[in-house]
Amino acid sequence: MDSSHKNTPHTGTSHTASTGRLRGRLAAPGSSWRQDFTASLVVFLVALPLCVGVAVASGVPAELGLVTGIVGGLVTGLLPGSSLQVSGPAAGLTVLVYEAVQAYGLPVLGVIVLIAGLLQLLMGGLRLGRWFRAISVSVVEGMLAGIGLVLIAGQLYSLADTEAPSSGLAKITGLPGMFADVVASPQARTALCLGAGTIAVLVLWKKLPKPVQVVPAPLAAVGLATLASALFGLPVAKVEVQGLVESVQPPGLGEFGELASIGVIGTVLAFTLIASAESLFSAAAVDRLHDGPRTQYDKELMAQGAGNALCGLLGALPMTAVIVRSAANVQAGARTKASRVLHGVWLLLFAALLPAALGVIPVAALAGVLIHAGFKLIPARELAGLWREHRGEALILVATAVSIVAVSMFEGVLIGLALAIVKTAWEASHVRLEVVDKGAGPIQAYLTGNATFLRLPRILDTLESLPQDRPVELHLTGLHHLDHACRTALENWAERHSGAGTEPVKVTSPS
């Protein structure tokens, strides 16, 4: 998921609002070469600054972002699944990758990505891809909102060329002190202004004339910041360049021993869950942009797994399908998967022939791109609508985001999933208890719906308030479900009520 990836199985609203009318039609390969070639150049220009920016923000060499983009084009791009979806390093995984690198080191990152890729291959082979569409929308959007908040907080420090704290909560609480330090440092102020200018270009780019917009906004923003830095000799930090070959460090056998760590296993599961969900949600959104073949979810999951397995072997960043690049691909008129494969070729040629060009890019400019991406991950409009219509879902979204910021990515997602399950269980256990008392004869109590232990206290409160000196008829035929705990409690209540010297409670059991 890239700078604006906050799609869900049923939405994709914020990503497709401006492109929803664009319906690209896939054609035969022979008749679409020119369109695919042009689209591949556009996607390359969009992907280049984002690959580098995600890598720098993840705390790894910039070249590794390009490696993941290359694999996403040349390997995942060739495999079946989704025809126009483009894969590469995504802003949505930046926080998790940074935490993993800081905790376990760069070599172990390769192991984590490799095992996550193998798990994706396994899940695709078991035809589990479609089940990712069943994940709660609120949890996914809460996850992305939490990632966006931590990403913004962390990149604000990079925007001013200062060191960011390690935890998400410390990044947010430390912002006032950071801005105070910026005021006292001319170099930090210069970097901050350069980064702020980058964000301004990204925001205002769509308001410029259409011919100007042929150049992708991220490339224009980073290019202008780089040009300003060079022309005025600005004293700002630049991207550190190691060289493509030097940056690729496959994990050794010793690193696989880290899989015995519970923390590493949890990180693997988090990578697998988040990368798979992002990719398949992106596929659902991309399918709405064109009239060609629909995504085959299980095959797409296997394609992502193959790409991540190779990225792990190369010690590179994990990949997901990326909505920004995918939408750019469709908008540029792509017709077949050739466009995304060619974009990988252009990334490879750039990394091989012009790696030194990365060394002139200001870190503050890349931070500006990622801050802009982080804001797009926060579903502010969706949250307002959700609060009006489904407050429980809105609370799950907020709780997931806050948990990610306050604790960590993995625990935050688990908390969100747990809350979603509890909410679903509570709603599924909807039950109605109607008491009919005609003044003479037995009191009749009718239970309808789903009687589970979650609703048991309310049911018992009502039944126990019935007069002890009157016979009662308890009708359970209207129940769709009666769990063991509820059945046992009702039997115990009937036994107690019958022991008070009245007629035994007559219970009509569900069929």
Side-chain angles (χ1 to χ4, degrees), residues 1-2 4-12 15-16 19-20 22-29 32 35-36 39-40 42-44 46-47 68-90 92-93 117 120-121 123-125 127-135 140 272 274-311 318-344:
M1 204 171 284
D2 215 328
S4 63
H5 189 196
K6 54 177 185 259
N7 293 283
T8 62
H10 74 287
T11 59
H15 311 292
T16 62
T19 56
L22 179 66
R23 313 291 295 183
R25 186 176 300 277
L26 296 179
S32 59
Q35 293 94 324
D36 287 331
S40 71
V42 172
V43 178
F44 160 69
V46 171
T68 299
I70 292 166
V71 173
L74 299 183
V75 178
T76 305
L78 280 171
L79 296 175
S82 175
S83 297
L84 299 182
Q85 184 162 252
V86 183
S87 300
L93 286 176
Q120 287 180 308
L121 282 168
M123 290 188 299
R127 302 180 62 82
L128 299 178
R130 67 194 68 183
W131 288 101
F132 276 88
R133 291 181 288 174
I135 296 177
V140 174
T272 306
I274 296 169
S276 301
E278 288 184 359
S279 296
L280 298 184
F281 294 159
S282 174
V286 173
D287 279 350
R288 294 182 175 91
L289 299 180
H290 65 83
D291 297 323
R294 305 295 88 184
T295 296
Q296 302 175 67
Y297 285 91
D298 296 317
K299 290 184 178 179
E300 178 63 19
L301 186 56
M302 294 187 72
Q304 295 294 325
N308 273 318
L310 181 55
C311 285
M319 74 167 59
T320 72
V322 189
I323 187 62
V324 166
R325 294 168 215 178
S326 303
N329 193 34
V330 178
Q331 285 177 310
R335 297 293 183 266
T336 72
K337 64 177 64 177
S339 61
R340 62 186 191 180
V341 176
L342 281 174
H343 118 275

Look up atom [atom1] in [X] and atom [atom2] in [Y], then write down how far apart they are to the nearest 0.5 Å.
| X | Y | atom1 | atom2 | value |
| --- | --- | --- | --- | --- |
| Ser40 | Lys337 | OG | NZ | 15.5 Å |
| Thr295 | Leu301 | OG1 | CG | 12.0 Å |
| Leu93 | Glu278 | CG | CD | 5.0 Å |
| Thr76 | Arg340 | OG1 | CZ | 8.0 Å |
| Asp36 | Arg335 | CG | CZ | 8.0 Å |
| Gln85 | Thr320 | CD | OG1 | 8.5 Å |

Grab the two heavy atoms, one from [X] and one from [Y], that are nearest each other, plus how far apart they are.
| X | Y | result |
| --- | --- | --- |
| Ala283 | Tyr297 | CB-CE2, 4.3 Å |
| Ser339 | Ala334 | OG-CB, 3.4 Å |
| Gly307 | Val71 | O-CG1, 3.6 Å |
| Met319 | Cys311 | CE-SG, 3.7 Å |
| Leu128 | Asp298 | N-OD1, 3.4 Å |

* Consider only side-chain N and O atoms of Ser276 and Gln120, and report whether a donor and an acceptor are under 3.5 Å apart. =>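 Short answer, yes.
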Checking [X] side chain against [Y] main chain: does a donor-acceptor pair fall under 3.5 Å?
| X | Y | result |
| --- | --- | --- |
| Arg294 | Asp287 | yes |
| Asn308 | Pro318 | no |
| Thr68 | Gly88 | no |

* To do: Answer whether the closest heavy-atom distance between the side chains of His343 and Asn329 falls below 4.5 Å.
  =>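 The answer is no, as the side chains (C-beta and beyond) never meet within the 4.5 Å cut-off.
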* To do: Evaluate the side-chain proximity of Leu280 to Glu300: yes if any heavy-atom separation is below 4.5 Å, no if none is.
  =>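 Answer yes - side chains close enough.
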* To do: Could you tell me which residues satisfy side-chain contact (heavy atoms from CB on, under 4.5 Å) with Leu74, sequence neighbours excluded, listed by chain and number?
  =>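 Applying side-chain contact (heavy atoms from CB on, under 4.5 Å) to Leu74 gives Ile70, Val341, Val345, Leu348.
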* Kindly write out the residues that satisfy side chain to side chain donor-acceptor pair (under 3.5 Å) with Ser87, not counting sequence neighbours, or none if the list is empty. =>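 For Ser87, the residues satisfying side chain to side chain donor-acceptor pair (under 3.5 Å) (neighbours in sequence not counted) are Gln304.
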